[in-house]
2 protein chains.
Amino acid sequence: MPEFLYKNKLYYNPVEFAMDRIGGTWKMPILWRLKDKVMRYGEVKKDIPHITHKMLTSQLRELEEEGFISRKVYPVVPPKVEYSITRRGKKAITIIDAIRNYGLHLMKDFGVEEKKSVKQKKSK
Amino acid sequence: MPEFLYKNKLYYNPVEFAMDRIGGTWKMPILWRLKDKVMRYGEVKKDIPHITHKMLTSQLRELEEEGFISRKVYPVVPPKVEYSITRRGKKAITIIDAIRNYGLHLMKDFGVEEKKSVKQKKSK
DNA sequence: CTGGATCCGATTTGATACTG
DNA sequence: CAGTATCAAATCGGATCCAG
(Lines give C-alpha, C1' and ligand atoms only; values in the text may rest on other atoms or scores of the structure.)
Protein backbone atom coordinates (compact mmCIF):
# COMPACT_ATOMS: atom_id res chain seq x y z
CA MET A 1 0.00 0.00 0.00
CA PRO A 2 1.44 3.36 -0.93
CA GLU A 3 1.78 5.79 1.89
CA PHE A 4 3.13 9.29 2.11
CA LEU A 5 3.27 12.40 4.19
CA TYR A 6 1.71 15.75 3.41
CA LYS A 7 1.64 18.61 5.88
CA ASN A 8 2.76 16.27 8.63
CA LYS A 9 -0.15 13.93 8.09
CA LEU A 10 0.24 10.33 7.00
CA TYR A 11 -1.89 9.22 4.06
CA TYR A 12 -2.49 5.65 2.99
CA ASN A 13 -3.98 6.12 -0.45
CA PRO A 14 -4.89 8.70 -3.12
CA VAL A 15 -8.58 8.61 -2.20
CA GLU A 16 -7.82 9.74 1.32
CA PHE A 17 -5.61 12.51 0.00
CA ALA A 18 -8.31 13.79 -2.33
CA MET A 19 -11.00 13.65 0.34
CA ASP A 20 -8.83 15.60 2.76
CA ARG A 21 -8.54 18.37 0.19
CA ILE A 22 -12.14 18.68 -0.96
CA GLY A 23 -14.09 16.41 1.39
CA GLY A 24 -16.03 17.18 4.53
CA THR A 25 -19.55 18.51 4.71
CA TRP A 26 -19.01 21.92 3.17
CA LYS A 27 -16.09 22.14 0.75
CA MET A 28 -17.84 20.62 -2.24
CA PRO A 29 -21.00 22.69 -1.80
CA ILE A 30 -18.85 25.82 -1.60
CA LEU A 31 -16.81 24.96 -4.69
CA TRP A 32 -19.99 24.03 -6.52
CA ARG A 33 -21.44 27.48 -5.96
CA LEU A 34 -18.29 29.21 -7.13
CA LYS A 35 -17.95 27.07 -10.21
CA ASP A 36 -19.12 29.71 -12.62
CA LYS A 37 -19.42 32.91 -10.69
CA VAL A 38 -17.58 35.21 -8.34
CA MET A 39 -19.30 35.59 -5.00
CA ARG A 40 -18.93 37.70 -1.90
CA TYR A 41 -18.74 36.12 1.54
CA GLY A 42 -22.28 37.10 2.37
CA GLU A 43 -23.64 35.71 -0.89
CA VAL A 44 -22.13 32.31 -0.29
CA LYS A 45 -23.42 32.40 3.27
CA LYS A 46 -26.91 33.21 2.05
CA ASP A 47 -26.76 30.49 -0.59
CA ILE A 48 -25.83 27.80 1.93
CA PRO A 49 -28.30 28.61 4.68
CA HIS A 50 -27.35 25.93 7.18
CA ILE A 51 -23.63 26.57 7.30
CA THR A 52 -22.41 28.46 10.35
CA HIS A 53 -20.16 31.49 10.24
CA LYS A 54 -17.32 29.53 11.76
CA MET A 55 -17.50 26.68 9.29
CA LEU A 56 -17.82 28.92 6.25
CA THR A 57 -14.80 31.04 7.15
CA SER A 58 -12.65 28.06 8.08
CA GLN A 59 -13.55 26.12 4.95
CA LEU A 60 -13.01 29.13 2.70
CA ARG A 61 -9.65 29.65 4.35
CA GLU A 62 -8.56 26.07 3.75
CA LEU A 63 -9.74 26.05 0.16
CA GLU A 64 -7.81 29.23 -0.42
CA GLU A 65 -4.64 27.98 1.25
CA GLU A 66 -4.67 24.92 -0.94
CA GLY A 67 -5.31 26.87 -4.12
CA PHE A 68 -8.84 25.80 -5.01
CA ILE A 69 -10.26 29.29 -4.72
CA SER A 70 -8.81 32.77 -4.64
CA ARG A 71 -9.73 35.65 -2.40
CA LYS A 72 -9.81 39.28 -3.38
CA VAL A 73 -10.13 41.95 -0.72
CA TYR A 74 -11.39 45.40 -1.59
CA PRO A 75 -9.99 48.02 0.80
CA VAL A 76 -13.31 49.65 1.50
CA VAL A 77 -15.51 50.20 4.50
CA PRO A 78 -17.39 48.08 5.21
CA PRO A 79 -15.12 45.29 3.91
CA LYS A 80 -15.86 43.62 0.60
CA VAL A 81 -14.31 40.25 -0.20
CA GLU A 82 -14.84 38.24 -3.36
CA TYR A 83 -14.17 34.56 -3.82
CA SER A 84 -13.58 32.93 -7.17
CA ILE A 85 -12.61 29.49 -8.35
CA THR A 86 -9.11 28.76 -9.63
CA ARG A 87 -7.88 26.39 -12.31
CA ARG A 88 -7.29 23.78 -9.63
CA GLY A 89 -10.78 24.33 -8.29
CA LYS A 90 -12.27 23.92 -11.75
CA LYS A 91 -10.55 20.57 -12.02
CA ALA A 92 -12.23 19.60 -8.76
CA ILE A 93 -15.62 20.48 -10.20
CA THR A 94 -15.26 17.56 -12.61
CA ILE A 95 -15.02 15.00 -9.84
CA ILE A 96 -17.61 16.76 -7.70
CA ASP A 97 -20.03 16.48 -10.59
CA ALA A 98 -19.31 12.76 -10.83
CA ILE A 99 -19.82 12.25 -7.09
CA ARG A 100 -22.99 14.30 -7.25
CA ASN A 101 -24.42 12.13 -10.01
CA TYR A 102 -23.44 9.02 -8.10
CA GLY A 103 -25.16 10.46 -5.04
CA LEU A 104 -28.35 11.00 -7.01
CA HIS A 105 -28.12 7.42 -8.23
CA LEU A 106 -27.61 6.16 -4.68
CA MET A 107 -30.56 8.16 -3.42
CA LYS A 108 -32.77 6.54 -6.00
CA ASP A 109 -31.29 3.17 -5.12
CA PHE A 110 -32.11 3.77 -1.46
CA GLY A 111 -35.52 5.18 -2.23
CA VAL A 112 -34.81 8.69 -1.00
CA GLU A 113 -36.72 11.57 -2.50
CA GLU A 114 -34.85 14.75 -3.31
CA LYS A 115 -37.52 17.19 -2.24
CA LYS A 116 -37.75 19.91 0.32
CA SER A 117 -39.34 19.03 3.63
CA VAL A 118 -40.43 15.63 2.36
CA LYS A 119 -39.23 12.81 4.53
CA GLN A 120 -40.67 9.61 3.27
CA LYS A 121 -39.50 6.60 1.36
CA LYS A 122 -40.54 5.70 -2.11
CA SER A 123 -42.39 2.43 -2.36
CA LYS A 124 -40.71 -0.05 -4.62
CA MET B 1 -31.05 23.66 -2.09
CA PRO B 2 -32.62 20.22 -1.91
CA GLU B 3 -32.74 18.69 1.50
CA PHE B 4 -34.03 15.41 2.77
CA LEU B 5 -33.95 13.01 5.64
CA TYR B 6 -32.42 9.56 5.70
CA LYS B 7 -32.08 7.51 8.85
CA ASN B 8 -33.04 10.55 10.91
CA LYS B 9 -30.20 12.63 9.53
CA LEU B 10 -30.73 15.78 7.51
CA TYR B 11 -28.86 15.98 4.21
CA TYR B 12 -28.40 19.10 2.14
CA ASN B 13 -27.19 17.63 -1.14
CA PRO B 14 -26.49 14.37 -3.01
CA VAL B 15 -22.73 14.68 -2.48
CA GLU B 16 -23.17 14.62 1.26
CA PHE B 17 -25.46 11.60 0.98
CA ALA B 18 -22.94 9.69 -1.10
CA MET B 19 -20.05 10.55 1.19
CA ASP B 20 -21.97 9.41 4.21
CA ARG B 21 -22.43 6.00 2.59
CA ILE B 22 -18.94 5.35 1.28
CA GLY B 23 -16.84 8.18 2.71
CA GLY B 24 -14.63 8.33 5.78
CA THR B 25 -11.09 7.09 6.00
CA TRP B 26 -11.69 3.38 5.54
CA LYS B 27 -14.79 2.48 3.55
CA MET B 28 -13.36 3.10 0.09
CA PRO B 29 -10.11 1.24 0.82
CA ILE B 30 -12.16 -1.70 2.09
CA LEU B 31 -14.48 -1.75 -0.93
CA TRP B 32 -11.49 -1.36 -3.22
CA ARG B 33 -9.91 -4.52 -1.85
CA LEU B 34 -13.11 -6.52 -2.21
CA LYS B 35 -13.77 -5.31 -5.72
CA ASP B 36 -12.71 -8.52 -7.41
CA LYS B 37 -12.18 -11.05 -4.69
CA VAL B 38 -13.75 -12.60 -1.65
CA MET B 39 -11.74 -12.03 1.50
CA ARG B 40 -11.74 -13.21 5.07
CA TYR B 41 -11.70 -10.72 7.92
CA GLY B 42 -8.05 -11.41 8.66
CA GLU B 43 -7.04 -10.99 5.05
CA VAL B 44 -8.58 -7.55 4.81
CA LYS B 45 -7.00 -6.65 8.13
CA LYS B 46 -3.60 -7.75 6.88
CA ASP B 47 -4.06 -5.86 3.62
CA ILE B 48 -4.86 -2.59 5.41
CA PRO B 49 -2.16 -2.62 8.07
CA HIS B 50 -2.96 0.65 9.78
CA ILE B 51 -6.64 0.11 10.40
CA THR B 52 -7.53 -0.84 13.94
CA HIS B 53 -9.59 -3.86 14.79
CA LYS B 54 -12.42 -1.68 16.02
CA MET B 55 -12.57 0.47 12.91
CA LEU B 56 -12.43 -2.50 10.55
CA THR B 57 -15.29 -4.31 12.24
CA SER B 58 -17.45 -1.20 12.53
CA GLN B 59 -16.87 -0.16 8.91
CA LEU B 60 -17.52 -3.68 7.63
CA ARG B 61 -20.72 -3.72 9.64
CA GLU B 62 -21.93 -0.44 8.19
CA LEU B 63 -21.06 -1.40 4.63
CA GLU B 64 -22.95 -4.63 5.13
CA GLU B 65 -25.99 -2.95 6.65
CA GLU B 66 -26.24 -0.61 3.69
CA GLY B 67 -25.83 -3.37 1.16
CA PHE B 68 -22.42 -2.64 -0.31
CA ILE B 69 -20.90 -5.90 0.83
CA SER B 70 -22.22 -9.22 2.04
CA ARG B 71 -21.04 -11.34 4.90
CA LYS B 72 -20.92 -15.10 4.97
CA VAL B 73 -20.29 -16.94 8.21
CA TYR B 74 -19.02 -20.52 8.22
CA PRO B 75 -20.10 -22.35 11.37
CA VAL B 76 -16.69 -23.77 12.12
CA VAL B 77 -14.12 -23.47 14.87
CA PRO B 78 -12.22 -21.28 14.74
CA PRO B 79 -14.70 -18.92 13.06
CA LYS B 80 -14.41 -18.20 9.36
CA VAL B 81 -16.11 -15.18 7.84
CA GLU B 82 -15.95 -14.13 4.23
CA TYR B 83 -16.77 -10.71 2.82
CA SER B 84 -17.70 -10.08 -0.79
CA ILE B 85 -18.86 -7.12 -2.79
CA THR B 86 -22.48 -6.77 -3.89
CA ARG B 87 -24.01 -5.26 -7.00
CA ARG B 88 -24.42 -1.98 -5.14
CA GLY B 89 -20.81 -2.14 -4.02
CA LYS B 90 -19.64 -2.75 -7.58
CA LYS B 91 -21.44 0.40 -8.62
CA ALA B 92 -19.50 2.26 -5.94
CA ILE B 93 -16.23 0.98 -7.36
CA THR B 94 -16.86 3.10 -10.45
CA ILE B 95 -16.88 6.34 -8.51
CA ILE B 96 -14.11 5.22 -6.17
CA ASP B 97 -11.96 4.63 -9.24
CA ALA B 98 -12.71 8.15 -10.44
CA ILE B 99 -11.90 9.68 -7.06
CA ARG B 100 -8.73 7.62 -6.90
CA ASN B 101 -7.58 8.90 -10.27
CA TYR B 102 -8.40 12.43 -9.25
CA GLY B 103 -6.42 11.90 -6.06
CA LEU B 104 -3.40 10.77 -8.05
CA HIS B 105 -3.77 13.85 -10.23
CA LEU B 106 -3.99 16.08 -7.16
CA MET B 107 -0.93 14.48 -5.61
CA LYS B 108 1.06 15.26 -8.72
CA ASP B 109 -0.37 18.76 -8.73
CA PHE B 110 0.76 19.22 -5.13
CA GLY B 111 4.12 17.61 -5.76
CA VAL B 112 3.51 14.66 -3.45
CA GLU B 113 5.36 11.46 -4.20
CA GLU B 114 3.44 8.24 -3.93
CA LYS B 115 6.24 6.36 -2.28
CA LYS B 116 7.35 5.55 1.20
CA SER B 117 9.86 8.38 0.99
CA VAL B 118 9.34 11.22 3.41
CA LYS B 119 8.30 14.35 1.63
CA GLN B 120 9.13 17.83 2.88
CA LYS B 121 6.34 19.52 4.75
CA LYS B 122 4.98 22.88 3.74
CA SER B 123 4.53 25.66 6.23
CA LYS B 124 0.98 26.58 6.98
C1' DC C 1 -19.40 43.20 6.21
C1' DT C 2 -15.93 39.95 7.06
C1' DG C 3 -13.10 37.50 10.15
C1' DG C 4 -10.84 35.82 14.24
C1' DA C 5 -10.92 33.79 19.00
C1' DT C 6 -12.86 31.16 22.81
C1' DC C 7 -15.67 28.01 25.25
C1' DC C 8 -17.76 23.69 25.40
C1' DG C 9 -20.63 19.71 24.22
C1' DA C 10 -20.99 15.99 20.77
C1' DT C 11 -18.98 12.71 17.95
C1' DT C 12 -15.18 9.85 16.47
C1' DT C 13 -11.33 7.04 17.16
C1' DG C 14 -7.61 4.32 19.54
C1' DA C 15 -6.08 1.20 23.07
C1' DT C 16 -7.12 -2.53 25.72
C1' DA C 17 -9.42 -6.32 27.73
C1' DC C 18 -12.62 -10.03 27.23
C1' DT C 19 -15.53 -13.90 24.68
C1' DG C 20 -17.05 -18.20 22.09
C1' DC D 1 -10.33 -16.16 14.21
C1' DA D 2 -13.74 -12.89 14.49
C1' DG D 3 -16.24 -9.97 17.22
C1' DT D 4 -17.88 -7.09 21.41
C1' DA D 5 -17.40 -3.75 25.34
C1' DT D 6 -15.43 0.04 27.69
C1' DC D 7 -12.81 4.03 28.69
C1' DA D 8 -10.09 7.94 27.36
C1' DA D 9 -8.08 11.01 23.95
C1' DA D 10 -8.64 13.68 19.97
C1' DT D 11 -11.29 16.05 16.74
C1' DC D 12 -15.32 18.58 15.18
C1' DG D 13 -18.96 21.74 15.23
C1' DG D 14 -22.10 25.32 17.17
C1' DA D 15 -22.82 29.50 19.85
C1' DT D 16 -21.05 33.72 21.23
C1' DC D 17 -18.23 37.71 21.71
C1' DC D 18 -14.85 41.00 20.01
C1' DA D 19 -12.41 43.72 16.15
C1' DG D 20 -11.18 46.54 12.02
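Chain A is the first sequence line, chain B the second, and so forth, proteins listed ahead of strands; every chain is numbered from 1. None of the values given here were measured: they were computed from a predicted structure.
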Asks: Need two values: the first and the last nucleotide of DNA chain C, 5' to 3', having an atom under 4.0 Å from any heavy-atom of chain B.
Replies: C:dT13 to C:dG20
Asks: Please identify each residue that fulfils ring-ring contact (aromatic ring centres under 6.0 Å, His included) with A:Tyr11, with sequence neighbours left out.
Replies: A:Phe4, A:Phe17
Asks: Report the residue (A:Pro78 or A:Thr25) whose heavy-atom-nearest nucleotide on DNA chain D is the more 5′ of the two.
Replies: A:Thr25
Asks: Once rounded to the nearest 0.5 Å, what's the spacing between atom CD1 of A:Ile85 and atom NZ of A:Lys91?
Replies: 13.0 Å
Asks: Just how far, in rounded Å, is P of D:dC1 from NZ of B:Lys46?
Replies: 11 Å
Asks: With a 6.0 Å cut-off (strictly less than), is the heavy-atom count around NZ of B:Lys80, excluding the residue itself, greater than 12?
Replies: yes
Asks: Supply the atom-to-atom distance A:Leu104 CG to A:Lys108 NZ, rounded to the nearest 0.5 angstrom.
Replies: 8.0 Å
Asks: Measure the distance from CE on B:Met55 to P on D:dA9 and round it to the nearest whole Å.
Replies: 19 Å
Asks: In degrees, rounded to 10°, what is the bend between the two ends of the helix from C:dC1-D:dG20 to C:dG20-D:dC1, using five pairs at each?
Replies: 30°
Asks: Taking the six-membered ring for Trp, are B:His50 and A:Tyr12 parallel (under 30°), tilted (30 to 60°) or perpendicular (over 60°)?
Replies: parallel
Asks: Any N/O pairs under 3.5 Å between the protein and nucleotides 2-8 of chain D? List them or say none.
Replies:
{"residue": "D:dA2", "atom": "OP1", "partner": "B:Arg40", "partner atom": "NE", "Å": "3.0"}
{"residue": "D:dA2", "atom": "OP1", "partner": "B:Arg40", "partner atom": "NH2", "Å": "3.3"}
{"residue": "D:dA2", "atom": "OP2", "partner": "B:Gly42", "partner atom": "N", "Å": "2.7"}
{"residue": "D:dG3", "atom": "OP1", "partner": "B:Arg71", "partner atom": "NE", "Å": "2.7"}
{"residue": "D:dG3", "atom": "OP1", "partner": "B:Arg71", "partner atom": "NH2", "Å": "2.6"}
{"residue": "D:dG3", "atom": "OP1", "partner": "B:Tyr83", "partner atom": "OH", "Å": "2.9"}
{"residue": "D:dG3", "atom": "OP2", "partner": "B:Tyr83", "partner atom": "OH", "Å": "3.0"}
{"residue": "D:dG3", "atom": "N7", "partner": "B:His53", "partner atom": "NE2", "Å": "2.3"}
{"residue": "D:dT4", "atom": "O4", "partner": "B:His53", "partner atom": "NE2", "Å": "3.3"}

Asks: List in numerical order all residues of residues 62-70 of chain B for which some heavy atom is under 4.0 Å away from an atom belonging to DNA chain D.
Replies: none
Asks: From B:Leu31 CG over to B:Lys90 NZ, what is the distance, rounded to the nearest 0.5 angstrom?
Replies: 12.0 Å
Asks: Backbone N or O of B:Glu66 within a donor-acceptor pair of the B:Arg88 side chain at under 3.5 Å?
Replies: yes
Asks: Atom OH of B:Tyr12 to atom C1' of D:dG13: distance rounded to whole Å?
Replies: 12 Å
Asks: Taking it one step at a time, do B:Tyr102 and A:Ile22 satisfy side chain to side chain contact (heavy atoms under 4.5 Å, CB included)?
Replies: CA-CA 11 Å; B:Tyr102 174 68; A:Ile22 63 170; 3.8 Å; yes
Asks: Give a yes or no answer on whether the side chain of B:Asn101 reaches the backbone of B:Asp97 with a donor-acceptor pair at less than 3.5 Å.
Replies: yes
Asks: Only counting residues at least two apart or in another chain, list the ones meeting side chain to side chain donor-acceptor pair (under 3.5 Å) with B:Glu43.
Replies: none
Asks: Count the heavy atoms of every other residue, nucleotide or ligand shown that sit under 6.0 Å from NZ of B:Lys45, and state whether that count exceeds 12.
Replies: yes
Asks: To the nearest Å, how far apart are A:Gln59 CD and D:dG13 C1'?
Replies: 10 Å
Asks: Compare all side-chain heavy atoms of B:Lys27 with those of B:Leu63 and state whether any distance is below 4.5 angstrom.
Replies: yes
Asks: Are there over 12 heavy-atom neighbours, none belonging to B:Lys46, within less than 6.0 Å of that residue's NZ?
Replies: no
